[in-house]
Amino acid sequence: MPELPEVETVCRGIRPFALGEKIDKIIVRNKNLRWPVPKLIKTKAKNQTIKRIARRAKYILLELANGTIIIHLGMSGTLKIVNAKTPAIKHDHIDIVLANDRCLRLNDPRRFGCVLWTDDDPYRHELLCDLAPEPLAAKFNTAYLHKRLQGRKALIKNVIMDNKTVVGVGNIYASESLFLSRINPGLTANKISRDQARSLVKNIKKVLRASIKSGGTTLKDFAQADGRPGYFAQKLLVYSKEGEPCPVCETMIEHMQIGQRASYYCPRCQNMS
DNA sequence: CAAAGGTCCTGCTCGC
DNA sequence: TGCGAGCAGGACCTTT
């Protein structure tokens, strides 16, 4: 579910309540997420202060003095600030209870997310150490992307969703940025010109920034840390718009399956060249 | 029944 | 023919 803007929104939402606060305890109601929640996380985190709340790709990092809690929301996860006494509901798997009587509560019906612990530099963790540049960083630029696309036979949509190309671009923003750049999602990467790569870099940054500004996209169940939805769904141009007119040329939006995922596009604006 | 916002892992294919 | 890299598909799980 959550792509980069949604995870960034969660980080910004929890900071005012959790940054600098002490962790009273961690409650694990169901440890069976994508990987088992490590047992030692309870003793490691107890009485530690949250010194920094950071995001890398779609991972949320809660940095303590003795290590870091690494959280991923998978497809269906939410991380909300609630009162510690609020009764847990279905799929509330983890509570990070703070000394200020609030609680960071992870709810994840599909359990594709994870909550892990590392004693060491989290950026060296095996899940994080090989990640590509952040899309909003200067390192993600025309020269970098164009070079990455050379000789690649994979489809451009798959390549921009690949964490080894750039992180944080999921199914929604891949469709949106390809539309803005008038690139067909089914083109192979080696067909993309330098000008198209430049456009794609520009529009990936543009759509992610705009979504962050709106608090992310809520299609179904994404929620900000305070429970409100994100409002970028109202600004989507093609994602989930099959059969609706293209906002540029009014041709009907279509979708194609790429790697089991729906890719929405305008067959006229995004032709195969 | 199909599909849903993620991503790791496996197995296939292609080119050297 | 054999190998490795690159690529697509399957798997994980619940809800609508």
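Side chains included, hydrogens not; waters and symmetry mates left out as well; all remaining heavy atoms used. Naming convention: chains lettered A, B, ... in sequence-line order (proteins, then strands); numbering from 1 in each chain.
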| query | Quick one: does A:Y264's side chain have a donor or acceptor within less than 3.5 Å of a partner on A:L237's backbone? | reply | no
| query | Which part of the nucleic acid, if any, lies within contact of A:N158, taking any heavy atom under 4.0 Å across all strands shown: a base, the sugar-phosphate backbone alone, or nothing? | reply | sugar-phosphate
| request: Residues of residues 111-122 of chain A with any non-hydrogen atom less than 4.0 angstrom from an atom of DNA chain C: list those, numerically ordered, please. | output: A:R111, A:F112
| query | Any side-chain donor-acceptor pair under 3.5 Å between A:D195 and A:S193? | reply | no
| query | Quick check: does any side chain N or O of A:N100 sit under 3.5 Å from a backbone N or O of A:F17, one acting as donor and the other as acceptor? | reply | yes
| query | Any ring pair (Phe, Tyr, Trp, His ring centres under 6.0 Å) pairs touching residues 71-90 of chain A, not counting sequence neighbours? | reply | A:Y59-A:H72
| said: Distance alone, cut at 3.5 Å: any donor-acceptor contact between the side chains of A:D108 and A:S76? | reply: yes
| note | From CD1 of A:I172 across to P of B:dA3 the rounded distance in Å is 17 Å
| field | Flag for A:S263-A:K157: side-chain donor and acceptor within less than 3.5 Å | value | yes
| note | Here the distance between atom C1' of B:dG6 and atom CZ of A:R110, to the nearest Å, is 9 Å
| Between A:N83 (side chain) and A:K85 (backbone), is there a donor-acceptor pair under 3.5 Å? | yes
| field | Audit row: A:L178, A:Y265, side chain to side chain contact (heavy atoms under 4.5 Å, CB included) steps and yes/no | value | CA-CA 8 Å; A:L178 287 166; A:Y265 68 105; over 6 Å; no
| task | With heavy atoms under 4.0 Å as the rule, sort A:K164 into base, sugar-phosphate or nothing. | result | nothing
Could you list the protein-to-nucleotides 9-11 of chain B atom pairs, N/O on both sides, closer than 3.5 Å?
none

| Toward the 5' end of DNA chain B, which comes first, A:A262 or A:N163, by nearest nucleotide? | A:A262
| task | Can you tell me the distance, in whole Å, between the CZ atom of A:R152 and the P atom of B:dT13? | result | 20 Å
| query | So what's C:dC13 paired with, Watson-Crick or G-U wobble, going by both distances under 3.5 Å? | reply | none
Tabulate atom names and distances for all N/O pairs under 3.5 angstrom spanning the protein and nucleotides 14-16 of chain B.
none

| request: Answer with base, sugar-phosphate or nothing: what part of the nucleic acid does A:F232 contact at a heavy-atom distance below 4.0 Å? | output: nothing
| Quick one: side-chain hydrogen bond (donor to acceptor under 3.5 Å, both in side chains) pairs with a partner in residues 35-45 of chain A, sequence neighbours left out? | A:K44-A:D119
| request: With A:V167 as reference, evaluate A:M161, A:K58, A:R56 under the side-chain contact (heavy atoms from CB on, under 4.5 Å) test and give the passing residue. | output: A:R56
| query | What is the distance from CZ of A:R55 to P of B:dG6, rounded to the nearest Å? | reply | 14 Å
| message | Going 5' to 3' along DNA chain C, between which two nucleotides do contacts with chain A fall, using a heavy-atom cut-off of 4.0 Å? | response | C:dC7 to C:dT16
| query | Using a cut-off of less than 4.0 Å, is there contact between a side-chain N or O of A:K58 and OP1 or OP2 of B:dG6? | reply | yes
| field | Any donor-acceptor N/O pair, A:E6 side chain to A:T217 backbone, under 3.5 Å | value | yes
| Interatomic distance, A:D108 CG vs B:dG6 P [rounded to whole Å] | 13 Å
| said: Using atom P in both nucleotides, what's the gap between B:dT10 and C:dC13 to the nearest angstrom? | reply: 15 Å
| remark: DNA chain C nearest-nucleotide lookup for A:Q260 and A:N32: closer to the 5′ end is A:Q260
| note | The residue among A:I69, A:L62, A:T49 that forms side-chain contact (heavy atoms from CB on, under 4.5 Å) with A:I23 is A:I69
| Distance-only, no hydrogens or angles: does the A:N158 side chain make a donor-acceptor pair with backbone N or O of A:L155 under 3.5 Å? | no
| task | Give a yes or no on whether the backbone of A:N271 and the side-chain of A:N184 come within a donor-acceptor separation of less than 3.5 Å. | result | no
| request: Check the distance between B:dA3's C1' and A:M75's CE and give it to me in whole angstrom. | output: 9 Å
| query | Nearest-Å distance, CD1 (A:I160) to C1' (B:dT7)? | reply | 16 Å
| request: State, without any angle test, whether A:S211 and A:Y173 hold a side-chain donor-acceptor pair at a distance under 3.5 Å. | output: yes
| query | What's the CG-P distance between A:L33 and B:dT7, to the nearest Å? | reply | 15 Å
